[in-house]
Structure formats: C-alpha cells, structure tokens
Amino acid sequence: MNFWEYLGSRHQQLLTDAYQHASAVFQCMVVATVIGVLIGVATYRSDWAGSVATTATSTILTIPSLAMIGLLIPIVGLGVAPTVVALTLYGLLPIVRNSIVGLRGVDSTLVDAARGIGMSRTAQLLRVELPLAWPPILTGIRVATQMLMGIAAIAAFASGPGLGNEIFRGIASLGSKNALNQVLAGTLGIVVLALLFDAAYVLIGRLTIPRGIRA
Amino acid sequence: MPESVTTTGATPPGDPAPSGGSDETKATGATIELENLTKRYPGAADAAVDSVNMEIKAGELVIFVGPSGCGKSTTLKMINRLIEPTGGRIRIGGEDVTDMDSVKLRRKIGYAIQSSGLFPHMTVAQNIALVPRMVGWSKSKIKGRVEEMLDLVGLDPGEFRGRYPRQLSGGQQQRVGVARALAADPPVLLMDEPFGAVDPITRDHLQDELIRLQHELHKTIVFVTHDFDEAIKLGDRIAVLREHSHIAQFDTPEAILTNPADDFVSGFVGAGAALKRLNLTRVRDVEIRDYPTVTVDDPLQDIFDKLRSGKVNEILLLDKRGRPYKWLRRGDMMRARGSLARAGTLVHDTVTRDATLRDALEAVLTDNAGRVAVTGRRGAYEGVVDMQTLMNSVHELLEADRLDAMEHQHELEEQRHAQTLQAQEGGGTGEVPR
Ligand SMILES: Nc1ncnc2c1ncn2[C@@H]1O[C@H](COP(=O)(O)OP(=O)(O)OP(=O)(O)O)[C@@H](O)[C@H]1O
Ligand SMILES: [Mg+2]
C-alpha cells in the first residue's frame, strides 16, 4: 500500500485525530492566553515580579515534554488531563514574556497622557496599554501555538488525543508495512494544521490590531 | 466648583468676542491657589518643589519658565495631582482639591503635553471624544462637540475626523492634542511644553492660535516652557522659577523685561530686553505719520506739482485700490520722462496695525530710506512709520514701564511697611523709608 492508498483507507481516523489535535491545541491556547496575559498584567509594573514570572515560565520550557507528561500522569492520571495541563504550561512562556515586554514597551508619555486626562487605572490598561501591547502579545500567542502543535503529539504517550497516536502507532510497529505511512501521515497532518493556524493568526491580526498602529 | 457654562452655538471661530462688559464676567476659567506646595521625591535629599505659594486668577494665562530641572513640570503635575504633593494645599475655584478623588479631578482639568500624547490606535475623533465619554455625555452631543473642537483648532472636521495620529503632521497632532484637552470644556488647562517638539514656524502659528483661542475661551491656563520668548509672547503673567521651583519673579512680561527682580531673572531674560519689549507693542500703539500721497489715477500734472512744491522730497504713490505702490522722489518723474510705470521704487514691504514693533523695526531697517507704510483693511494705505517715530515711541514705552515698575515697587514697600507697623502695633520707631 503506498502513502496515498493509506490516506484513502484511513482518512476517517486521520480526520478525527487531526480534529482532536487542533481542538486540544486551540483550547489550551485560549487558557494559556488568558492566564499568560493576566500574569503579564499583574507583574509588568514591578521589575522583581516581572523577572520572577519570566524565569519561572522559562524554567518550565527546559523540562522535556515527555518527562513533563510522565511527571503529570501520577498526579492527574492518563488521557486528556495531562495533555491539557502540559500544553497550557508550555504555552505560557511566550505569552507571559511578550505580554510583559509589550506592556513595558508602551510609551510612558502615553500612559502619562491617559492618566492626565482622567482615565482610571483599569481604563488605562484596557483602553491604552493592552491595545498598544497587543501586536507583541499576538506574536507570543502565535509562537506558542506552533510550539504546542509539536508538543501535543507527545500527548499520545499518555493516551491523549490527537495525531500523536498515529505517530506512536507507527513507531511501535516499525518494520510492518504501514509503519512509515503512519508516521508520515501524523507528521504531515501536524505541519498542515500548523500552517492553517498560522494563516488564522494573520487574519486575526488584521482584524484586531487597530489600523493606527498596524505596521 | 461651579459648573462652567458651555456656550453652545457660540460665536463662530475667528470672530472676536463681543466687546463691552468686563473681562472678569467672561472668564470661564477658575482660580488656582497653591499654598506651600511641596514635593519631595523618595530618596532625594532636597525637595524638587519647595513650598510654592501662588495665586492664579480666573481666565489668566500664566507661564512657568525656568532652567531645566528646576521643577516646572513637577509643580504643574501637582495641580492635577499626576504627582501627589508631599505637602501644602491646592485650591481650584476656591475648592480644596488636595484630597479629592484624583481621577475625577483630572477630568475637570485639561492636560496637553509635548509631542501631543495622542493615542496612536484611536482616530482623531476618538481621541477628542475620550473625556466627554468618560464624563458621560450623550453620543450625539459628543459628535457635535468633536466637530466643534476641530473647527476651533482650525482643522476641517470632514478631512481630519477619521485620521489616525500618524497621518498628521506634528503641528496638526499638537492641535488635536489641544482639542482633546479642551473637549469637556474644563475651566483649567495645563500645558507642559506643548509646542516644544515642532519646528519654529509651526510653533509660531500654534502660539498665535493659542492666543486667539484664549481670547475666545478665557480659560485659566498654566503653560510650562523654557523658551523665554514664548513666555513673553503668550503670558498674561510669567513666573520665573529657579531651583526647587522657588519663584524668582511673578509678574507681567513688561515688568519682568523692564525691571527684572535680580541677576537670575535678568540672566534668564537674556540680552536684548529692550528689543524683546518691542514684541509686546503693536504698531497701532505708536504714532503713525501722515505722508503726502497721490494715486495712479491722479493727473500727471498734479503729481509733478506736488513733487515740485518743495515741501516734501518724496511722495507715496497709491494704486487704484489705495494700496501703497511706489515711492516717488523729486527727480524720478524727470528721469522716467513722465512715465509712472517706470518712475520711482516699488514698495516691497508694508506692515499692518497689528504687527509688532519688532516687525516694524525690521521693515524700517531693511528699507533703504528707513520708513515703512502702514496698511489697514485690504492693504489700503493708512500712514507711515519711520525710524524717528519708532525711536521716540520705544523711549516713551521704556520710560513708562520704568515709572510703572517704580510705582509698583513703591506700593509693595508701603504695603510691607504698613504690615510691619501693624505688627509692631504702634510701638514704631517712626522711621519712614523714602
Ligand atoms: N520621578 C522622579 N523621581 C525622582 N526625582 C525626580 C522625578 N521626576 C523629577 N525629578 C527631579 O525633580 C526635579 C524637577 O524635575 P522637573 O521634571 O519638574 O523639572 P523641569 O523644570 O520640568 O525640567 P525640564 O525643563 O527639563 O522639563 C529634577 O531635579 C528631577 O531630577
Ligand atoms: Mg519638564
């Protein structure tokens, strides 16, 4: 069976895996974005808290993903839970870092002006600082998503959902006639998903970055 | 604080406020009183602003001027409590605002800064609408107000409303910054070097614009600059500040120019105080001489007769609409063989009655015969100013200033003396200073 025949015969399973893969990454990204931006907002004003936040999230990134999932299994069990926790933690780093950098990068005279015309602290943040910091934050989200696409494949190790299952099945049966096809299908699927997500981010950028600050 | 009255359907921009009625009644501004106002930054040995006392009248435009780092901005930002004072009181319109909610306070005080401070992700209209929205105006009222403000600062609403700040020139951004500061009709406007970042020509225009605006609006404006010429041009009164925001002198531009309180102030006034004084007086304030004139429509014979009558060396030839056209000297007609088109020298420079004496002097100095024609409506001839009149006027002005200053000083001394007498309660030594 060549690769195309393989795809033809297994497309049902592949599509389900791809959908679950994308869905896991998407949901974890939403959670990571909310938590990451909140951490950024809570810490960017203080030198000390800002560096603690970035160091903590960088440390998470140095843990190999396989090890991380392995460590999580005894705590949260098998299946979806370790996948979600691991993906969210990994996704945090670029988002927290870019939120802090972006919020700190807002021109201080603009913050001064916002205060000067009578904006409350919340209004300053929501109407001025976050919109101006949004382009770097969005970049962080984009980088995080691409990273999670790969890491999500490892989730199959903990019986998680997604295209990783295809790859792991292939690796487990190396030498059999479909092994290579399975690995190839899983990998290509992830690449295609990553490209689709990236295209979506370009679109989101167009729609959400105000025209006045678009490059 | 009394609600300031919004004059909807106000006089169209550019129209001078109706004359008559005292200035006080027209002022929409509020008084500002600073009492022992002090700011000590954490960790600093000396106070950045040390016990400033100042009273600013309603509708007055006061300038803070002084060397870099003397505490101008700190003092200004304490008025809207962008910087919290560490001591002293602030009263606006008689109300103590030192402890009121600072966010609410700032919505009643316009604030304009260098490089405009416009939010780049909002359109011009959105920027201007910010404060009215925060104080809860209705949508339709805000829309009308945005148009009105753009008109006020001389920008066409249709063209500029939808633009983003980066699509504006520096001068236009600054205008929008001022419009935003004035949008909710605050009685007080604080400006921190608002024209510091634009080129000299644009700055000049913006200054003229501010003078016109203030003429219409009568806000209380506190304006920070380190450009003394700007201070003279704009200020009703100027506070010259030295380190720790100590007031070296707080007086009218005229008084500071002619009677600087000490070496620090004279150093700041710089060389050429008399020349700067010329900026404060207009041609309409000095004597304008009549000059013999003829018009191009007069018969040639009359022109010859006038020139030959011997009373004058030179006459001014006016064109059909009465505008200065040529200077004619006695021999000119002869040399041009009676042709008006060829005779005489073209008038290349005129001044209006609104020109400053400095402009007039400039024109007189560059004119080869040392005189300049003064024109009125549509450039029509009104008279002539020459070196002699200018010199006399300037001497008179300076002399009058000097007398004023002396009188002022005398009054102060008498006041002080009366206070001492009062303090001593009759146990006086009886020595009267002369
Ligand atoms: N946030 C701050 N923390 C500590 N010191 C400050 C702070 N802001 C200003 N200062 C100090 O207070 C003094 C007055 O500063 P301020 O900004 O009021 O000066 P300025 O007169 O506006 O000067 P410039 O003309 O340069 O704008 C300076 O010595 C400055 O170093
Ligand atoms: Mg300053």
Side-chain angles (χ1 to χ4, degrees), chain A residues 33 37 40-41 44-49 98-142 201-215, chain B residues 73 76-77 79-84 101-136 162-168 173 176-177 179-184 186 189-194 196-197:
Chain A
T33 301
V37 172
V41 164
Y44 79 103
R45 296 213 147 197
S46 138
D47 280 343
W48 175 84
N98 280 27
S99 300
I100 293 177
V101 169
L103 286 168
R104 283 187 179 164
V106 173
D107 188 350
S108 64
T109 60
L110 292 180
V111 181
D112 188 57
R115 238 155 65 77
I117 64 170
M119 283 193 190
S120 65
R121 183 69 199 93
T122 324
Q124 283 166 46
L125 195 63
L126 294 181
R127 314 270 315 265
V128 176
E129 292 176 276
L130 278 175
L132 290 176
W134 179 237
I137 294 177
L138 190 62
T139 308
I141 294 174
R142 205 168 149 181
Y201 281 123
V202 173
L203 193 69
I204 291 174
R206 283 248 144 241
L207 293 177
T208 59
I209 297 177
R211 214 148 53 79
I213 54 171
R214 223 176 275 160
Chain B
S73 298
L76 185 85
K77 287 179 177 174
I79 298 177
N80 65 0
R81 306 223 337 265
L82 268 179
I83 293 177
E84 286 293 348
D101 179 6
S102 61
V103 169
K104 286 215 183 78
L105 171 68
R106 288 183 208 126
R107 290 179 188 171
K108 292 193 217 162
I109 299 180
Y111 184 58
I113 55 176
Q114 184 166 1
S115 66
S116 86
L118 294 181
F119 301 126
H121 58 298
M122 299 181 192
T123 62
V124 165
Q126 287 168 335
N127 266 288
I128 296 177
L130 277 171
V131 189
R133 269 173 60 181
M134 286 191 288
V135 296
R163 288 210 198 173
Y164 285 95
R166 67 169 179 195
Q167 300 167 315
L168 305 176
Q173 287 183 15
V176 177
R180 182 176 72 183
L182 288 171
L189 177 58
L190 307 179
M191 309 179 89
D192 195 347
E193 302 197 32

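Nothing here was measured: the structure is a model prediction, and the numbers come from that model. Below, read A as the first sequence line, B as the second, and so on, with proteins coming before strands; counting in each chain starts at 1.
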Look up atom CZ in B/R133 and atom CZ in A/R127, then write down how far apart they are to the nearest 0.5 Å. 4.5 Å

If you draw a 6.0 Å radius around CZ in A/R104, do more than 12 non-hydrogen atoms from other residues or ligands fall strictly inside? yes

Given that the side chain runs from C-beta out, which part of B/L190 has a heavy atom under 4.5 Å from chain A: side chain, backbone, both or neither? neither

Region of B/R163 in contact with chain A, defined by heavy-atom distances below 4.5 Å: neither

With sequence neighbours excluded, what pairs up with B/R166 under the side-chain contact (heavy atoms from CB on, under 4.5 Å) test? none

Is chain B contacted by the side chain of A/I213, its backbone, both, or neither, given a heavy-atom distance below 4.5 Å? both

Heavy-atom side-chain proximity of A/M119 to B/L130 below 4.5 angstrom: yes

With a 4.5 angstrom heavy-atom cut-off, which part of A/R121 approaches chain B: side chain, backbone, both or neither? neither

Chain A interface, residue from B/R81, B/K77, B/R106 that has the most non-hydrogen pairs under 4.5 Å: B/R106

What pair of heavy atoms forms the shortest contact from B/R107 to A/I117, and how long is it? CG-O, 4.0 Å

Interface check, chain A: of B/G117, B/A181, B/P120, most non-hydrogen pairs under 4.5 Å belong to B/P120

Indicate the atoms forming the closest heavy-atom contact of B/I113 with A/A113, along with that distance. CD1-CB, 4.0 Å

Specify which of A/V128, A/T109, A/I209 makes the most heavy-atom pairs with chain B at under 4.5 Å. A/V128

Where does A/A123 contact chain B at under 4.5 Å (heavy atoms): side chain, backbone, both or neither? neither

With only heavy atoms counted, which part of A/D112 is less than 4.5 Å from chain B, the side chain, the backbone, both or neither? both

